[in-house]
Amino acid sequence: MLVQILISGASVTGPVLADGLTRRGFSVTVVERAPALRKTGDHAVDLYRPAMTISEKMGVLPRIESRSGPPARIG
Ligand SMILES: Cc1cc2nc3c(=O)[nH]c(=O)nc-3n(C[C@H](O)[C@H](O)[C@H](O)COP(=O)(O)OP(=O)(O)OC[C@H]3O[C@@H](n4cnc5c(N)ncnc54)[C@H](O)[C@@H]3O)c2cc1C
């Protein structure tokens, strides 16, 4: 039986969850109430270790690194 899942919110958590569930064979629909991408003015975003690990598992880390500066090690 194909399980269908509806995820509300297409910021960070929604698409990451959708990716993981789709890889596991679920049928996923993501809905978002915002009418368009929010433009934030190119401010910096920190990707902490869990986000880096998840990005690597999703296969998008090389693309992120190609668009960012060198990784900084904290601690
Ligand atoms: C100024 C600022 C700077 C930050 N900088 C960083 C950083 O550098 N690094 C970092 O890791 N974190 C940062 N954070 C934290 C990060 O933004 C949050 O942890 C992250 O956005 C949480 O993602 P989320 O998808 O769970 O929720 P949200 O980003 O809050 O997304 C929820 C989404 O659901 C949508 N939604 C809500 N209700 C509905 C509905 N009824 N139907 C459909 N869609 C709906 C909203 O429009 C939104 O798009 C920052 C936060 C702020 C405020």
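Remember, it's 1-based here, ligands and their atoms both numbered in the order they're listed.
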* When rounded to the nearest 0.5 angstrom, what distance separates CZ in R38 from OG in S11? -> 6.0 Å

* Give the residue and atom name of whichever protein heavy atom lies nearest to atom 31 (O) of ligand 1, and the separation in Å to one decimal. => S11 CB, 2.9 Å

* Structure fact -> heavy-atom search around atom 48 (C) of ligand 1 in the protein gives E32 OE1, 3.6 Å

* Look at atom 50 (C) of ligand 1 and say whether a protein heavy atom is found at less than 4.0 angstrom from it. => no

* Asked: How far does CZ of R63 sit from OG of S55, to the nearest 0.5 angstrom?
  -> 12.0 Å

* For the student: nearest non-hydrogen atoms of A18 and V28, plus distance -> CB-CG1, 3.7 Å

* **Minimum-distance pair of heavy atoms, taken over all atoms of V30 and G9** => CG1-O, 3.6 Å

* Is there a heavy atom in A51 that sits closer than 4.0 Å to ligand 1? -> no

* Asked: Are L6 and V31 close enough that some pair of their side-chain heavy atoms sits under 4.5 Å apart?
  -> yes

* To do: Working to the nearest 0.5 Å, report the span between CG of L47 and CD1 of I64.
  => 5.5 Å

* Asked: Tell me, which protein residue and heavy-atom name are nearest atom 34 (O) of ligand 1, and how many Å apart are they?
  -> G9 CA, 3.2 Å

* **Heavy atom of the protein closest to atom 3 (C) of ligand 1 (residue, atom name, distance)** => H43 CE1, 4.9 Å

* Structure fact -> Ranked by distance from atom 25 (O) of ligand 1, the top protein heavy atom is T13 N, 2.9 Å

* To do: Mind listing the closest non-hydrogen atom pair of L2 and G25 along with its distance?
  => CD1-O, 3.7 Å

* Asked: Do any N or O atoms from the side chain of R23 and from the backbone of M58 form a donor-acceptor pair under 3.5 angstrom?
  -> yes

* **Contact bool for atom 12 (N) of ligand 1 (protein heavy atom, d < 4.0 Å)** => no

* To do: Could you say whether the N/O atoms of V12 and ligand 1 ever approach to under 3.5 Å?
  => yes

* Asked: Starting from atom 42 (N) of ligand 1, which protein heavy atom do you reach first, and at what distance in Å?
  -> S8 OG, 3.1 Å

* Asked: Should you measure from each heavy atom of D46, which atoms of ligand 1 turn up under 4.0 Å away?
  -> 7 (C), 8 (O), 9 (N), 10 (C), 11 (O)

* To do: Considering heavy atoms of the protein only, find what lies nearest to atom 36 (N) of ligand 1 and give residue, atom and distance to 0.1 Å.
  => R33 NE, 3.8 Å

* With rounding to the nearest 0.5 Å, note down the distance linking CE in M52 to CG in L61. => 5.0 Å

* So, for atom 40 (C) of ligand 1, does the protein have a heavy atom nearer than 4.0 Å? -> yes

